[in-house]
Amino acid sequence: MPALAVGLWLIVIFIIRGMLHNVLRRDWIGRIRLALTLCGLPFAGCTHQVRSAISCFPSHPFGATGTIRPVRTSCFNLDTTSTWTMPSSAGPHIKARCALYPGSKIKRFLVPDDKVEWSQNWPQYNPVSYTDPSVEKKPVWADPDIGSFSPKFNTVDGAVDRTSFEGSYKTENGKPLNPRGRTGVTGRGLLGRWGPNHAADPIVTRWKVDVTKEKISHSVSKRPILQFVSIKRKDCGEWAIPGGMVDPGEQVSLTLQREFSEEAMNSLAVPASEVAKISERIGELFKSPGFQVYKGYVDDPRNTDNAWMETVAVNLHDESGNSVSELSLQAGDDAAQVQWVDVDSSFPLYASHTQFLELVAKERNAHW
């Protein structure tokens, strides 16, 4: 009996010591966090407000607190039925603050969530300036350096559209400021244009069917499964929606069709005899009613304080399965691989593409 009592007391003492240790440890961390915050310095702990090493691959790039709202609108030359937009307050960009700038050894200046907005005073902010050598070589798709020319921001500057879907953006020292805030690096990085770099993302879908052409439903959600054309990017190895940059003066609808043809059908390399067939099938699909999935800022790892990605994502759906579904996919241009992929929340995608597919699934009442 005495031995049992001693054992119980030892257990009680052990529990009390553990509780005191946890309390003291929380207080110690809290004091450091408070001190660093008062000094305007980033805190390296992993909390819900500050990330010490921000991942480039979250499943919800716009933030978990963001809400989705449908807005009826028209979409350039496409006969759209609806569009979904993410409100600008959906949360600070995440992939645009990943620790290492893509394709380089450049480390971003760590930007905690509460210091992202330009309205937050932060004298200690000292980001590195970086423009990739491929951009510095002055290819036709890139702007010159600021100072050697005077771009007209927030307007259509000659053939280059420098307006933003986010509205009017600010400039500082002659350079545009990212409307979503600080990214930890200045310059243009891998992007050619100062300010918004406009892209177009065609989301081509079909229903997953069995041998009898009946739709296949998911065993859990009981909803039909959508499939979409996905490419594996050569630059980072991630799966993505085929898409690309809008050429100066080009209609977005033409960009959508061109990029899909080049990346998913390899139209630039197929025999001339096949080009006509591909163009006919793709033309049929792109003439069909589609809906604008998203139009706005893209949380892209290539973004900087002075250059960022914006896109128009449009869903083109092969309802009957007798359009592009019957064509053989062939990776081309910037794609390493291309294939039909089931639309599912567990499939990781590049940049904000996961969010786009979620919106498509909701619009089509499909499995997600």
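These numbers were taken from a predicted model, which means no experiment stands behind them.
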query = Which one of R162, R193, K152 satisfies the salt bridge (Lys or Arg N to Asp or Glu O under 4.0 Å) criterion with D157?
reply =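 Among R162, R193, K152, the one meeting salt bridge (Lys or Arg N to Asp or Glu O under 4.0 Å) with D157 is R162.
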
Specify the closest pair of heavy atoms between [X] and [Y], including all atoms of both residues, with the distance to one decimal.
X    : Y    : value
R108 : P102 : NH2-CD, 4.5 Å
P242 : P202 : O-CD, 2.7 Å
D342 : K208 : OD2-NZ, 2.8 Å

So, [X] versus [Y]: side-chain donor-acceptor pair below 3.5 Å or not?
X    : Y    : answer
T255 : E250 : yes
N303 : T183 : no
T163 : D161 : yes
Y294 : N315 : no
W207 : E319 : yes
T186 : D305 : no
N178 : Y169 : no

Is there a path of hydrophobic side-chain contacts, each under 4.5 Å between heavy atoms, that joins [X] and [Y]?
X    : Y    : result
V324 : I225 : no
V160 : M245 : no
L349 : L226 : yes

ask   = Is R206 positioned over the aromatic face of W340, cation under 6.0 angstrom from the ring centre and no more than 45 degrees off axis?
value = yes

ask   = Between L190, I106, L191, which is the residue that forms a side-chain contact (heavy atoms from CB on, under 4.5 Å) with D132?
value =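 Result: among L190, I106, L191, L190 is the only option passing the side-chain contact (heavy atoms from CB on, under 4.5 Å) with D132.
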
message = Within the supplied structure, the quantity of interest is the number of heavy atoms (other residues, nucleotides, ligands) at a distance under 6.0 Å from E284 CD; does it exceed 12?
response = yes

inquiry  = How about CG on D210, more than 12 heavy atoms from neighbouring residues, nucleotides or ligands closer than 6.0 Å, or not?
reply    = yes

inquiry  = Y350: which residues meet the ring-ring contact (aromatic ring centres under 6.0 Å, His included) condition with it, sequence neighbours left out?
reply    =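 Listed in chain order: H353.
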
[X]-[Y] aromatic ring centre distance below 6.0 Å:
X    : Y    : answer
H317 : F291 : no
W122 : F109 : yes
Y101 : Y130 : yes

query = Got a salt bridge between K295 and E310, using NZ or NE/NH1/NH2 to carboxylate O under 4.0 Å?
reply =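 No.
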
note = S168 meets the side-chain hydrogen bond (donor to acceptor under 3.5 Å, both in side chains) criterion, sequence neighbours left out, with none

task = Kindly write out the residues that satisfy salt bridge (charged side-chain N to carboxylate O under 4.0 Å, His left out) with K138, not counting sequence neighbours, or none if the list is empty.
result =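 Scan of K138 (salt bridge (charged side-chain N to carboxylate O under 4.0 Å, His left out), adjacent residues dropped) gives none.
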
